[in-house]
Structure formats: structure tokens, C-alpha cells
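So the structure is just underneath, and the comments pick up after that.
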Amino acid sequence: MCHQRHFLTNCQTTILALSQVIGTMKILLFGNEYQRHYADELRHLVEVLGNSGADIVAETDFHSYLHNALDIDVGNIRSCPACDMEGDVALSIGGDGTFLRTARVMARKDVPILGINTGHLGYLADANVSEIEQVVDELYKGLFKIGRRTMLEISNNCGVNIRNTLALNEVAISRQDNCSMLGMRTWVNGIDLTTYRGDGLVISTPTGSTAYNLSVGGPLVEPTSHVLVLSPISAHSLNMRPLVLRDDSVIVVETSSRTQQYLVSLDGEVYSFPTGSAITVRKSDIFVKVIEPLNHNFADTLRRKLMWGQ
């Protein structure tokens with residue numbers, strides 16, 4: 001790890017200055033394996049990173065994909081399992097799914113993430129793969145800021161083994177592929193809130209407010225806000241509306257149904273739970289560090305990525 005970085009704090013953001021460490025920065029690469037249409041751009045990205053003088057390490061599967069599927073020369077890039085990767089900056093190359101997977105690994109290691117979009121929407125990515133030369137140049141010059149994003153942490157009372165208990169976007173409860181309604185009795189900080197009845201319930205961070213939460217009618221939330229959002233899925237009552245809570249709230253949901261199982265997903269990673277069990281969701285002590293351009297702002301992202309107001 002580099003020990004020459006300098007950080008300037010400014011309210012909710014931190015300026016990343018790496019201009020003094022050219023040739024010593026360690027860059028980690030994460031990516032998905034569905035990028036054949038971007039083979040030329042990825043080849044150029046590898047060349048630019050190789051010429052930067054940085055120490056480049058790629059996640060094992062992505063390293064293999066670049067070399068074997070796209071025939072890209074990765075001789076200057078080392079391969080490493082994701083769980084063992086350590087560095088100064090992580091590049092998430094792909095769409096939002098890739099970014100979420102990267103976040104769940106790198107958050108525990110306190111490594112800031114820069115999203116490079118090759119996906120359909122790429123809401124979480126602030127750079128495009130075609131801009132890689134500018135991205136690397138600005139990264140070394142410190143022309144980025146780092147924002148902290150809230151993560152959720154889940155536990156349960158039924159012994160279901162969850163590989164990674166963190167979620168950047170949301171924890172979602174949903175029914176299996178059948179018509180049986182779920183009853184989701186919900187407590188907040190030990191107080192009985194209500195029993196949601198419907199197809200499910202989304203517990204969202206501010207970052208996740210633009211994802212699953214938005215699709216079920218939840219509110220858009222500025223990503224650095226200190227709140228959580230509860231949004232029912234196809235509620236069987238018109239007065240069951242999305243609810244905004246303080247982010248220090250502890251949420252317990254006990255789910256009942258006529259079926260034996262229901263589903264719980266963490267950023268799309270799905271687990272089956274036995275009916276009658278409960279999950280506990282709270283803000284994690286771990287944050288995701290997201291690298292953003294200095295001119296980044298929430299309203300502009302909404303307009304560009306979600307066509308907000310158009």
C-alpha cells in the first residue's frame with residue numbers, strides 16, 4: 001500500500017491526491033464476463049494502465065476472461081482471488097452489478113472504488129471506458145473526490161449461511177414464484193411498526209433508492225443522506241406507503257406465508273429462508289468509498305442516467 005497519499009477533508013467529501021506516487025500506486029481490476037462488444041476498449045484500457053507505471057492486479061476470473069476470451073495481452077497484470085486483493089484504488093469495469101459486487105469485497109478493505117461503465121445504465125459508474133486516458137490522468141493528479149456510502153448488514157435467527165452479509169443497495173424480501181401473499185411483521189428499534197402484506201418489502205440505503213426501491217414506488221434519496229427507506233412491493237392495502245427512517249434504526253422483519261419458503265436478496269444475491277423466520281437489518285459500521293469527479297452532483301446524475309424530469 002502507498003503511504004504517501006494526502007487527503008484534504010471538505011464536509012462530506014475527501015479529495016484524493018496521488019500526484020506524488022506515480023509508479024507506485026496499486027490498482028485493482030474487477031469486471032464481468034459479458035463484454036465482448038467492448039474488447040477494443042478493454043484492450044486500450046489495459047495498455048493505458050500498463051503504461052501508467054502502476055502495479056496492476058486483476059480479479060482471477062476477470063484476468064482469465066481478458067486473456068482467454070478477449071485475447072488481450074495481460075502480461076503486465078497479476079492475477080489474484082478477490083478475497084485476497086489489497087491496493088490503493090479499485091476499478092469496477094462493467095455495469096451496476098459489477099460495482100455492487102466490487103463494493104461488497106472492497107468495503108471491508110477500505111479501498112475506494114471508481115466505476116467504469118460498460119453496462120446498459122451504469123448508474124453507479126461515473127466514468128466511461130472510452131475515457132480511460134483522462135480517468136487515469138485525473139486519478140494521478142488528484143482530480144477526484146471520495147464519498148462515503150452507507151451499507152446495510154443482515155443477520156437472521158434461523159441459521160441461514162449468508163456468504164457476505166453486506167449490501168450497498170438494498171435487502172429485499174420477496175415471495176417465491178407462486179401466488180401466496182407474504183405477511184411481514186416489522187419492528188423498528190424494538191417497537192412493533194406494522195405487518196406489511198403483499199409480494200415483499202425493500203429495505204434500501206440512499207444509494208439503493210434509485211434501484212429496486214425506485215421500481216416499487218419508493219422515493220429518490222440523496223446518496224449521502226442519513227436515512228433508510230422501507231418500500232412495500234405490491235402492498236395489499238392502499239395505505240401502506242414507503243417509509244423513511246433514521247439510518248441508526250434497527251429493523252426486524254418476521255415473514256409468514258402459506259408456503260414453506262420465502263426469498264431474501266442482498267444486492268441481487270438470493271437466499272431461501274424458512275417461513276416464520278426473522279431477519280435483522282441495520283446500518284453497517286463499514287462504508288463504501290466511492291471515487292467521483294470533482295464536478296459530480298446528484299441532480300446531474302439523475303438527469304443524465306435516469307432522464308429525470310424529461
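The structure presented is a predicted model; accordingly, all values stated were derived computationally and were not measured.
Within the model, atoms CG of Leu201 and CG of Leu243 stand 10.0 Å from one another, a figure rounded to the nearest 0.5 Å. Between Leu152 atom CG and Thr165 atom OG1 the span is 10.5 Å, to the nearest 0.5 Å. Once rounded to the nearest 0.5 Å, the distance linking OG of Ser130 with CG of Leu45 reads 11.0 Å. One finds the CE atom of Met181 at 5.5 Å from the NE2 atom of His236 (value rounded to the nearest 0.5 Å). To the nearest 0.5 Å, atom OG of residue Ser231 and atom CE of residue Met240 are 13.0 Å apart. To the nearest 0.5 Å, atom CD of residue Glu59 and atom CD1 of residue Ile77 are 13.0 Å apart.
Under the rule for a side-chain contact (heavy atoms from CB on, under 4.5 Å), the partners of Arg104 that lie at least two apart in sequence or sit in another chain are Met151, Asn164, Leu266, Asp267, Glu269. Listed by chain and number, the residues in a ring pair (Phe, Tyr, Trp, His ring centres under 6.0 Å) with Tyr271 amount to none (sequence neighbours excluded). Scored by the side-chain contact (heavy atoms from CB on, under 4.5 Å) test, Val252 finds Trp187, Ala278, Thr280 as partners (sequence neighbours excluded).
For the residue pair Glu222/Thr224, the side-chain donor-acceptor check at 3.5 Å is satisfied. Residues Tyr196 and Ser237 have side chains that never bring a donor and an acceptor to within less than 3.5 angstrom of each other. Side-chain N/O atoms of Thr207 and Arg149 include a donor and acceptor closer than 3.5 Å. Remark: the Gln35 side chain and the Thr118 side chain contain an N/O donor-acceptor pair separated by less than 3.5 Å.
Through side-chain heavy atoms spaced under 4.5 Å, either directly or across other Ile, Leu, Val, Met, Phe, Trp or Tyr residues, Val216 is tied to Val202, Tyr212, Ile233. Connectivity analysis of hydrophobic side chains (ILVMFWY, heavy atoms under 4.5 Å, direct or indirect) links Val227 to Val221, Val229, Val244.
At least one side-chain heavy atom of Val136 sits less than 4.5 Å from a side-chain heavy atom of Leu49. Pro274 places a side-chain heavy atom less than 4.5 Å from the side chain of Val160. Side-chain contact between Met184 and Tyr262: absent, with no pair of heavy atoms (C-beta onward) separated by less than 4.5 Å. Residues Arg101 and Met106 are not in side-chain contact: their nearest non-hydrogen atoms beyond the backbone lie 4.5 Å or more apart. Contact of the Asn157 side chain with the Ser277 side chain is registered, since non-hydrogen atoms from C-beta on lie closer than 4.5 Å. Counting heavy atoms from C-beta on, the side chains of Leu302 and Tyr123 come closer than 4.5 Å. Two residues are said to be in side-chain contact when any heavy atoms from C-beta on lie closer than 4.5 Å; Asp96 and Asn117 fail this criterion. Put simply, the side chain of Val288 reaches to within 4.5 Å of the side chain of Ile113, judged on heavy atoms.
Evaluated for a side chain to side chain contact (heavy atoms under 4.5 Å, CB included) with Val74, the options Leu66, Asn68, Leu29 yield exactly one hit, Leu66. Screening Thr186, Leu182, Val171, Leu230 for a side chain to side chain contact (heavy atoms under 4.5 Å, CB included) with Val253, the sole residue that qualifies is Thr186.
Here the side chain of Asn128 pairs no donor or acceptor atom with the backbone of Glu131 at under 3.5 angstrom. Without hydrogens or angle criteria, Ser204 side chain to Glu170 main chain gives no donor-acceptor distance under 3.5 Å. No side-chain donor-acceptor contact under 3.5 Å links Asp84 to the backbone of Cys80.
Heavy-atom minimum distance, Ile291 versus Leu114: O-CD1, 3.7 Å. Between Pro293 and Lys145, the shortest heavy-atom distance links the atoms O-CE, 3.3 Å.
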Q.
Quick one, Phe273 with Ile279, criterion side chain to side chain contact (heavy atoms under 4.5 Å, CB included). Give me CA distance, side-chain angles, the key distance, then yes/no.
A. CA-CA 9 Å; Phe273 276 68; Ile279 64 170; 3.7 Å; yes

Q: Report the C-alpha distance between Gln176 and Leu263 in whole Å, list the side-chain angles of each, state the deciding distance to 0.1 Å, and finish with yes or no for side chain to side chain contact (heavy atoms under 4.5 Å, CB included).
A: CA-CA 6 Å; Gln176 291 187 312; Leu263 304 178; 4.0 Å; yes

Q: Determine, step by step, whether Ser209 and Asn213 satisfy the side-chain hydrogen bond (donor to acceptor under 3.5 Å, both in side chains) criterion, reporting the C-alpha distance in whole Å, the side-chain angles of both residues, the deciding distance to 0.1 Å, and the verdict.
A: CA-CA 5 Å; Ser209 70; Asn213 168 75; 4.9 Å; no

Q.
Quick one, Ile154 with Leu166, criterion side chain to side chain contact (heavy atoms under 4.5 Å, CB included). Give me CA distance, side-chain angles, the key distance, then yes/no.
A. CA-CA 7 Å; Ile154 183 176; Leu166 298 178; over 6 Å; no

Q: Would you check, one step at a time, whether the test side chain to side chain contact (heavy atoms under 4.5 Å, CB included) holds for Leu70 with Arg36?
A: CA-CA 7 Å; Leu70 301 186; Arg36 287 189 177 274; 4.1 Å; yes

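Salt-bridge formation is not detected for the pair Lys283/Glu153: no Lys NZ or Arg NE/NH1/NH2 atom is positioned less than 4.0 Å from an Asp or Glu carboxylate oxygen. A salt bridge links Arg78 with Asp55: the closest approach of a Lys/Arg side-chain nitrogen to an acidic carboxylate oxygen falls below 4.0 angstrom.
Within the structure, the ring-ring contact (aromatic ring centres under 6.0 Å, His included) test picks out no pair touching residues 48-106 (sequence neighbours left out).
The cluster map of Ile, Leu, Val, Met, Phe, Trp and Tyr, joined by side-chain heavy atoms under 4.5 Å apart, puts Leu228 and Leu214 in different clusters.
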